[in-house]
Amino acid sequence: MITTVMIKTMEGVSRLIFEQFYNSEQERYRSPFLYRGLPNADFRLMTSLQRNCKDKKEEIEGSILRSFTKYAQHEDPQLKESIWRQLMIGQHHGLPTRLMDWTFSPLIALHFATSGEDLSKMDQHDSVIWKLDYFELNRMLPKRYQDCLRKENAAMLTVEMLHSLVDTLQAYDEEMKDHSMVIVEPPSMEQRIVNQYSYFSVVPAAIG
């Protein structure tokens, strides 16, 4: 379910920043949300693969990743072993992928929502911050994915955990269909990822 909230005051911004809920298992107040900021509310939630490859995305996704791995594996031999690592490293270097960036910090999302390419036109449209409840999303995952999260006492899968569950995009798409998707915590391969509290959703083909 999508709920739209208009924020027009600093009080509304403060509520967004400090919104937290009590977690009875951790006995702490924690936020269950990830955020994504866009400078124009008319922009759709789209991956770079959807945006750049359009209706050819499923046809050429595999070729893009194979070509990238062919040359990039000289710098990172582990690329050959994991399709998920190919996606993460490729996304980091500007490759069109099915990954979508999110952040744990609403302040980072606010930065991207208010930093359009043409700042002189920012007052001509609304910005938008998408908020995703990853706890709810985890409850929609297939059971064995939920079991993995419980076993590892984790809220999100790592690249290694995801690889242990599924090792091809085709198998992932078959399991997720159009009603669930995985949130992945990327490896801390670069300081920007750490600073921006970055996470990725792996968008299934049926959703994209």
Side-chain angles (χ1 to χ4, degrees), residues 2 34-40 42-104 109 112 117 128 130 132 134 137-138 140-146 148-149 154 156-190 192-193 196-208:
I2 298 176
L34 295 177
Y35 305 88
R36 179 176 174 82
L38 297 174
N40 191 325
D42 292 331
F43 291 169
R44 293 178 55 202
L45 278 180
M46 297 180 68
T47 65
S48 56
L49 185 69
Q50 294 169 324
R51 187 167 57 252
N52 291 287
C53 303
K54 298 181 173 58
D55 58 347
K56 295 287 186 180
K57 59 184 183 300
E58 293 181 36
E59 180 181 338
I60 65 177
E61 181 181 25
S63 299
I64 291 173
L65 290 172
R66 282 194 301 273
S67 297
F68 173 74
T69 303
K70 176 182 177 181
Y71 297 101
Q73 66 182 346
H74 298 293
E75 299 293 331
D76 185 352
Q78 289 182 296
L79 280 180
K80 295 185 295 183
E81 302 171 8
S82 171
I83 187 69
W84 311 114
R85 191 168 182 84
Q86 293 169 26
L87 286 169
M88 299 287 171
I89 303 296
Q91 175 89 353
H92 177 65
H93 289 286
L95 199 74
T97 76
R98 62 167 63 196
L99 301 181
M100 186 174 293
D101 296 271
W102 298 84
T103 176
F104 193 66
F112 285 107
E117 293 181 3
V128 62
W130 288 88
L132 175 70
Y134 61 89
L137 194 62
N138 285 344
M140 300 168 68
L141 290 171
K143 182 178 182 301
R144 67 193 195 94
Y145 289 75
Q146 297 185 44
C148 179
L149 288 170
M156 300 178 199
L157 295 172
T158 63
V159 173
E160 293 75 19
M161 291 160 63
L162 182 56
H163 181 72
S164 71
L165 290 165
V166 61
D167 59 2
T168 69
L169 293 176
Q170 292 76 16
Y172 176 81
D173 287 338
E174 289 174 5
E175 287 194 276
M176 297 298 130
K177 298 183 173 58
D178 64 350
H179 54 261
S180 59
M181 66 180 176
V182 163
I183 300 292
V184 179
E185 181 179 357
S188 300
M189 54 192 160
E190 208 259 356
R192 186 183 65 185
I193 289 177
Q196 294 182 358
Y197 302 95
S198 296
Y199 297 89
F200 295 117
S201 57
V202 186
V203 181
I207 295 178

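Heads up: numbering here begins at 1 and tracks the sequence. Values below: every heavy atom of this structure, side chains too, minus hydrogens, waters and symmetry copies.
Ring pair His93/Phe68 is tilted by interplanar angle, where 30° to 60° counts as tilted.
Using a distance-only test at 3.5 Å, with no hydrogens or angles considered, no donor-acceptor pair links the side chain of Gln50 to the main chain of Lys57. Distance alone, capped at 3.5 Å, is enough to place a donor-acceptor pair between the Ser48 side chain and the Thr97 backbone. Distance alone, capped at 3.5 Å, places no donor-acceptor pair between the Trp130 side chain and the Trp102 backbone.
Nearest heavy-atom pair, Leu79 versus Ala72, reported as atom, atom and distance to 0.1 Å: CD1-CB, 3.5 Å. A pairwise comparison of heavy atoms in Gly37 and Phe112 identifies O-CB, 3.6 Å as the closest pair. Between Met161 and Ala154, the closest heavy-atom pair is CE-CB, 4.1 Å.
With sequence neighbours excluded, the residues satisfying side-chain hydrogen bond (donor to acceptor under 3.5 Å, both in side chains) with Thr69 are Gln86. For Ile60, the side chain to side chain contact (heavy atoms under 4.5 Å, CB included) partners at least two apart in sequence or on another chain are Cys53, Lys56, Ile64. Applying the salt bridge (Lys or Arg N to Asp or Glu O under 4.0 Å) rule to Arg144 yields the partners Glu175; only residues at least two apart in sequence or on another chain are considered. Among residues two or more places apart in sequence or in another chain, the side chain to side chain contact (heavy atoms under 4.5 Å, CB included) test is passed with Gln170 by Thr168. Here Ser63 pairs with Arg66 under the side chain to side chain contact (heavy atoms under 4.5 Å, CB included) rule; sequence neighbours left out. By the side-chain hydrogen bond (donor to acceptor under 3.5 Å, both in side chains) test, Asp101 pairs with Gln91, sequence neighbours left out. Applying the salt bridge (Lys or Arg N to Asp or Glu O under 4.0 Å) criterion to Lys143, with sequence neighbours excluded, gives Asp147. Ser67 pairs by the side chain to side chain contact (heavy atoms under 4.5 Å, CB included) definition with nothing, not counting sequence neighbours. In this structure Tyr134 satisfies the ring-ring contact (aromatic ring centres under 6.0 Å, His included) test with no other residue, sequence neighbours excluded.
Rounding to the nearest 0.5 Å places OG1 of Thr103 at 12.0 Å from CG of Leu132. Between the CZ atom of Arg36 and the OG atom of Ser201 there is a distance of 7.5 Å, given to the nearest 0.5 Å.
Counting only heavy atoms from C-beta outward, the side chains of Leu34 and Phe200 never approach each other to under 4.5 Å. By the 4.5 Å heavy-atom criterion applied to side chains, Ile89 and Leu95 are not counted as neighbours. Counting heavy atoms from C-beta outward, Leu87 and Leu65 have side chains that approach closer than 4.5 Å. Looking at heavy atoms from C-beta onward, Ser82 lies out of side-chain contact with Asp167 at the 4.5 angstrom threshold.
Within the structure, every pair that satisfies the salt bridge (Lys or Arg N to Asp or Glu O under 4.0 Å) test and touches residues 87-98, not counting sequence neighbours, is listed here: Glu61-Arg98, Arg98-Asp173.
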Would you give me the side-chain donor-acceptor pairs under 3.5 Å for residues 178-186, sequence neighbours excluded?
residue, atom, partner, partner atom, Å
Ser180, OG, Met176, O, 3.4

>> Checking Val128 against Phe43 for the side-chain contact (heavy atoms from CB on, under 4.5 Å) test, could you report, in this order, the C-alpha distance in whole Å, the side-chain angles of both residues, the deciding distance, and whether it holds?
In response: CA-CA 9 Å; Val128 62; Phe43 291 169; 6.0 Å; no
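The side-chain contact (heavy atoms from CB on, under 4.5 Å) with Leu157 is formed by just one residue from the set Val202, Leu162, Asn138; it is Leu162.
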